[in-house]
Engineer: 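First the structure, then my questions, so here it is.
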Amino acid sequence: ISDTWLRFPVGTGDAYSNLGIDLAGYILERTYGKPFAEVMADLLLGPLGMDHSTSDRTRIRATTDRALGPVQPVPEDRIPLDEPMTAAGGLYASASDLARFLEFQLGDGTIDGRTVLAPALMAEQRTVPAPNAGAAAGYALGVGRTRWRAERYQDLFNHGGGGFGFISDLWWAPTLQLGIAIMTNSVDHDLQVSLPISILSDLVNEPGGTYPARLLAQPAQGDVADLSRFYQAPAGPAARLAAASIPAAADPCRSWAVIEVSYT
C-alpha cells in the first residue's frame, strides 16, 4: 500500500476498494493492539450474539461441519479456505448469525434491547459521502443504498460479496422492518440479486400479509437513478486538489505540482 498513490484527492471521487476495507481493518488492529478477528469478536460479533461467525482462520479450520465452496475443476481436498482479504471478505458466518446482523440493522443499532452502535452512527453508515454527498442512491460506508421500486419506492440497503466458491448477500428495508440473507456455496449463478428481490416482492404483495400494510403506511417517494459503484473520475481534479491542499513550502509545492499534472 505504501508504494501506491491515491487515484484522486480524498472526497473528490469514488471507487469501490477491497484494499480500503483491509486498510481500515489494519487500523483497527493497530488501534486496539490485537488481531482483527479478536477486535471484531469483541466489538461486533460478540455483542450481536453472532457466535458462529469469525475471521479467525484457526477457528475456521477447526470447524469440521463448515460448508465447502467448490470451484470447478478444483478437487474437494484442495478447495481454498483462507480468504487473503481478511477484513474485506474473510468472515465465515452461519445463516442464523446473518439474520442476527439484519436484526441489528433493522433495529437501528439495537438488538435484544441493547444498543451496540448509536443510531447516529448507523445513519452515517447509510449516508452516501462525497463526491455525491447525501444522494438517495449510491455507495455509503460499506453499504449500498437504492430506491426499491416497490409500490411506494422504499429505501433498500444491501451488501454482498463472493469468492472461493461462495456468494453471500444481505438486503434490508428499515421502513418495512424486512430483511433477507442469501448464502450459496456456488458461484455459477446470479441469484444473489434476483432471488432476494423476488422474495421481498412476494412478501410485500402477499394478500393479507404483514408487509403490504406496512408498505402502504409509508410516505410515497420518487424513483432515483442508481449511481455506479465503480470508479468515477472526479471533474476538475487539479482545481479540487489545489483547493484541498494544505499550503506548503517551496519544495513540497514543486512535488505536488508533478502530481497535479499527472491527475490532469
Side-chain angles (χ1 to χ4, degrees), residues 9-18 20-34 36-50 53 55 87-89 91 93 97-148 150 152-161 169-181 200 211 214-215 217-222 224-227 229 232 244:
V10 174
T12 66
D14 179 57
Y16 186 94
S17 173
N18 285 323
I21 299 298
D22 276 346
L23 181 57
Y26 179 67
I27 291 170
L28 283 174
E29 287 190 336
R30 294 294 300 268
T31 300
Y32 287 91
K34 50 187 172 183
F36 175 76
E38 292 184 26
V39 177
M40 287 293 291
D42 292 346
L43 298 184
L44 185 66
L45 303 178
L48 295 188
M50 296 176 64
S53 300
S55 298
L91 179 72
D97 276 10
L98 291 187
R100 293 284 296 178
F101 185 78
L102 285 172
E103 286 186 61
F104 162 69
Q105 289 289 342
L106 295 174
D108 209 19
T110 297
I111 189 168
D112 297 336
R114 296 176 292 104
T115 297
V116 179
L117 195 63
L121 294 177
M122 297 294 289
E124 182 180 359
Q125 182 189 51
R126 299 169 184 165
T127 301
V128 176
N132 303 304
Y139 197 66
L141 299 181
V143 174
R145 68 177 297 157
T146 188
R147 190 64 60 77
W148 182 26
R152 304 179 76 80
Y153 290 103
Q154 296 302 293
D155 290 325
L156 184 66
F157 300 89
N158 81 289
H159 192 79
D169 247 279
L170 297 175
W171 297 79
W172 66 99
T175 57
L176 304 180
Q177 287 295 285
L178 177 60
I180 185 169
L200 291 173
Y211 300 106
R214 290 184 183 176
L215 178 59
Q218 299 303 318
Q221 300 186 99
V224 294
D226 286 338
L227 299 175
R229 289 175 54 177
Q232 299 177 46

Engineer: If we only count heavy atoms from C-beta on, is the Tyr153 to Gln218 side-chain gap below 4.5 Å?
Structural biologist: no

Engineer: How far apart are the closest heavy atoms of Ala93 and Ser53, and which atoms are they?
Structural biologist: CB-OG, 3.2 Å

Engineer: I need the Leu215 CG to Arg152 CZ distance, nearest 0.5 Å.
Structural biologist: 7.0 Å

Engineer: Can you give me the closest heavy-atom contact between Pro47 and Ala41, atom names plus distance?
Structural biologist: CD-O, 3.7 Å

Engineer: Only counting residues at least two apart or in another chain, list the ones meeting side chain to side chain contact (heavy atoms under 4.5 Å, CB included) with Leu170.
Structural biologist: Leu98, Phe101, Leu102, Trp172, Ala181

Engineer: Got a salt bridge between Arg126 and Asp155, using NZ or NE/NH1/NH2 to carboxylate O under 4.0 Å?
Structural biologist: no

Engineer: Could you tell me the separation between the CG atom of Leu156 and the CG atom of Leu178, rounded to the nearest 0.5 Å?
Structural biologist: 9.0 Å

Engineer: The criterion is salt bridge (charged side-chain N to carboxylate O under 4.0 Å, His left out); which residues satisfy it with Arg214, sequence neighbours excluded?
Structural biologist: none

Engineer: With a 3.5 Å distance limit and no angle check, can you tell me whether Arg145 reaches the backbone of Thr127 through a side-chain donor-acceptor pair?
Structural biologist: no

Engineer: Compare all side-chain heavy atoms of Leu176 with those of Leu200 and state whether any distance is below 4.5 angstrom.
Structural biologist: no

Engineer: Once you round to the nearest 0.5 Å, how far does CG of Leu23 lie from CG of Asn18?
Structural biologist: 12.5 Å

Engineer: So, does Gln125 use its side chain to make a donor-acceptor pair with the main chain of Gly142 at under 3.5 Å?
Structural biologist: no

Engineer: Within the 4.5 Å heavy-atom criterion, are Lys34 and Asp42 side-chain neighbours or not?
Structural biologist: yes

Engineer: When you compare the side chain of Tyr32 with that of Glu38, does any pair of heavy atoms fall below 4.5 Å?
Structural biologist: no

Engineer: Closest heavy-atom contact between Arg147 and Ala136?
Structural biologist: NH2-CB, 3.3 Å

Engineer: What closest approach, in Å, do Ala225 and Ala137 show between heavy atoms, and which atom pair accounts for it?
Structural biologist: O-CB, 3.6 Å

Engineer: Can you measure from CG (Asn158) to OH (Tyr139) and round to the nearest 0.5 angstrom?
Structural biologist: 8.5 Å

Engineer: Any chance you could measure Leu106, atom CG, to Gln177, atom CD, to the nearest 0.5 Å?
Structural biologist: 5.0 Å

Engineer: Which atom names give the shortest non-hydrogen contact between Pro119 and Asp108, and what distance separates them?
Structural biologist: CB-OD2, 3.6 Å

Engineer: Give the minimum heavy-atom separation between Ala140 and Pro129, together with the two atoms involved.
Structural biologist: CA-CD, 3.9 Å

Engineer: Would Trp148 and Gln221 satisfy side-chain contact (heavy atoms from CB on, under 4.5 Å), going step by step from the backbone distance to the final call?
Structural biologist: CA-CA 10 Å; Trp148 182 26; Gln221 300 186 99; over 6 Å; no

Engineer: Identify, with sequence neighbours excluded, every residue that meets ring-ring contact (aromatic ring centres under 6.0 Å, His included) alongside Phe36.
Structural biologist: none

